[in-house]
Protein chains: 2
Amino acid sequence: MDEGPGSGKRGESLLFLTDEQLRKGIEAMFFAYKGFTSDPDRILEMRGYGRAHHRAIHFIHRSHGTTVNNLLAILGVTKQSLNRVLRSLIDDGLVESRVGSRDKRERHLYLTEAGLVLERELSDAQQARVRDAFRVAGPQAVSGFRTVLEAMMDPEMRRRYQRLTENGQ
Amino acid sequence: MDEGPGSGKRGESLLFLTDEQLRKGIEAMFFAYKGFTSDPDRILEMRGYGRAHHRAIHFIHRSHGTTVNNLLAILGVTKQSLNRVLRSLIDDGLVESRVGSRDKRERHLYLTEAGLVLERELSDAQQARVRDAFRVAGPQAVSGFRTVLEAMMDPEMRRRYQRLTENGQ
DNA sequence: TGGCAATGTCAACAAGGCTGACATAAAATC
DNA sequence: GATTTTATGTCAGCCTTGTTGACATTGCCA
């Protein structure tokens, strides 16, 4: 390793900020994210869906009646990209799109009964893995895990995340 | 929330395993991973590369002279998929492929000077974000972060991760 | 009434996964 | 020494999911 920025030990209490420690963290993110998505991916595949469908289902479930625009902002994709996914979910009867009552331009999105069933299935699979990991790691580690992840988000996404998690606390 | 598996409080010390806590963890992974990759992605885009190129560059740098087969196992993709990426990196003079001396069927992969430059650029961008997050969160949180991520990996990937991180400790 | 906002849709393109098939060279094995 | 297996590369085609650009509809609002 060369002496790039952040190399070496800058102080007795900063040993966790060496290049080597940072690299471990980076690689841990890579490998963990793979595991994180692998269980739901297997379920989605059987239905002919992909990760994008899971994300849409998750956040529609999370915020019943959310608008398309809001969903776009949370997911951070283009409307054309989201629309493709949403179309298939609506056509398959997993998501319902209702015209807004206050503002009739808006569409409010809800999971149907069938949508809730799939959501539960995906959620169970993903939660099982996260729960096991949390249990093995313990409460203190989990707290640290969340703290670091939050610090890693883009400010705009952090705001959205915090807004999502503060209700339902 | 319904009473799915893992719902509710099972004991005074298990409040961190409620569905709500798990969901926060899941959403934190989603939002954090976005931030985690956004800085390198911007650099890659200027060169006409994508995430797959970054991953290849990272692990070739990490393990100088690794074989194609080894890289395939670490990345968890097909050889056709990796080959496409590797081809462009070799053609662009960022990666060198040398015939193995012991086993001449194998190709050993190395970053060239130009490859090292790009690696450093990508690495600096990603490390800057992770370093800031680590610094803000503190050593204890970082330790918990790594513990949870490790517990979240597939066993096979965890073994690979640990093998990678134990040398160069 | 005119303009802006929310949504949907068509078309085209790119990245990066995948499968299947086939080729070559070298190692390993019988 | 002949055969099989391994490591790699490559062609072709398919899928998901992201992108841009253009355009239409509807409805809110000033």
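Here is the naming used below: chain letters follow the sequence lines, and residue numbers restart at 1 for every chain.
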Taking only residues two or more places apart in sequence or in another chain, which ones pass salt bridge (Lys or Arg N to Asp or Glu O under 4.0 Å) with B/E150? none

Atom-pair distance (CG on A/D41; C1' on C/dC18), nearest Å: 13 Å

B/R87 side-chain N/O to D/dG9 phosphate OP1/OP2 under 4.0 Å: no

For nucleotides 11-22 of chain D, 5' to 3', base contacts (B), sugar-phosphate-only contacts (S) and non-contacts (-) with protein non-hydrogen atoms under 4.0 Å give B----SBBBBBB

Output the residues of residues 66-74 of chain A in contact with DNA chain C, where contact means a heavy atom of the residue under 4.0 Å from an atom of the strand; sort by number or write none. A/T67, A/V68, A/N69

Residues passing the side chain to side chain donor-acceptor pair (under 3.5 Å) test with B/N69, sequence neighbours excluded, are none

Quick one: do B/R98 and B/E96 make a salt bridge, cutoff under 4.0 Å? yes

Roughly, in whole Å, what's the span from NE2 in B/H108 to C1' in D/dA7? 11 Å

Closer than 4.0 Å, any side-chain N/O of B/R107 to the OP1 or OP2 of D/dA7? no

Taking B/D124 as the fixed residue, which of B/R120, B/Q126, B/Q127 is the one that meets the side-chain hydrogen bond (donor to acceptor under 3.5 Å, both in side chains) rule? B/R120

Checking A/H53 now: which residues fulfil ring-ring contact (aromatic ring centres under 6.0 Å, His included) with it, not counting sequence neighbours? A/Y49

Go through the structure and list residues passing side chain to side chain donor-acceptor pair (under 3.5 Å) with A/H108, not counting sequence neighbours. none

Which pairs of donor and acceptor atoms, one on a side chain in residues 31-39 of chain B, lie under 3.5 Å apart (sequence neighbours left out)?
{"from": "B/K34", "atom 1": "NZ", "to": "A/L75", "atom 2": "O", "distance (Å)": "3.0"}
{"from": "B/T37", "atom 1": "OG1", "to": "B/Y33", "atom 2": "O", "distance (Å)": "3.3"}
{"from": "B/T37", "atom 1": "OG1", "to": "B/K34", "atom 2": "O", "distance (Å)": "3.3"}
{"from": "B/S38", "atom 1": "OG", "to": "B/G35", "atom 2": "O", "distance (Å)": "2.8"}
{"from": "B/S38", "atom 1": "OG", "to": "B/R129", "atom 2": "NH2", "distance (Å)": "3.2"}
{"from": "B/D39", "atom 1": "OD1", "to": "B/R42", "atom 2": "NH1", "distance (Å)": "3.3"}
{"from": "B/D39", "atom 1": "OD1", "to": "B/R129", "atom 2": "NH2", "distance (Å)": "3.3"}
{"from": "B/D39", "atom 1": "OD2", "to": "B/R129", "atom 2": "NE", "distance (Å)": "2.9"}
{"from": "B/D39", "atom 1": "OD2", "to": "B/R129", "atom 2": "NH2", "distance (Å)": "3.4"}

Nucleotide N/O of nucleotides 26-30 of chain C paired with protein N/O under 3.5 Å:
{"from": "C/dA27", "atom 1": "OP1", "to": "B/K104", "atom 2": "N", "distance (Å)": "3.2"}
{"from": "C/dA27", "atom 1": "O4'", "to": "B/R105", "atom 2": "NE", "distance (Å)": "3.4"}

Please identify each residue that fulfils side chain to side chain contact (heavy atoms under 4.5 Å, CB included) with A/R105, with sequence neighbours left out. A/D103

Interatomic distance, B/N83 CG vs C/dC18 C1' [rounded to whole Å]: 15 Å

Whole-Å distance, B/H54 NE2 to C/dG17 C1', equals 19 Å

Apply salt bridge (Lys or Arg N to Asp or Glu O under 4.0 Å) to B/D92 and list each qualifying residue two or more places apart in sequence or on a separate chain. none

Given atom CD of B/E106 and atom C1' of D/dG9, what is their separation to the nearest angstrom? 15 Å

Show the atom names and distances, to 0.1 Å, of all donor-acceptor pairs under 3.5 Å that link a side chain in residues 77-85 of chain A to residues at least two apart or in another chain.
{"from": "A/T78", "atom 1": "OG1", "to": "A/S81", "atom 2": "N", "distance (Å)": "3.3"}

Determine all donor-acceptor pairs shorter than 3.5 Å in which one atom belongs to a side chain in residues 142-149 of chain B; sequence neighbours excluded.
{"from": "B/R146", "atom 1": "NE", "to": "B/Y161", "atom 2": "OH", "distance (Å)": "3.1"}
{"from": "B/R146", "atom 1": "NH1", "to": "A/Q21", "atom 2": "OE1", "distance (Å)": "3.3"}
{"from": "B/T147", "atom 1": "OG1", "to": "B/S143", "atom 2": "O", "distance (Å)": "2.8"}

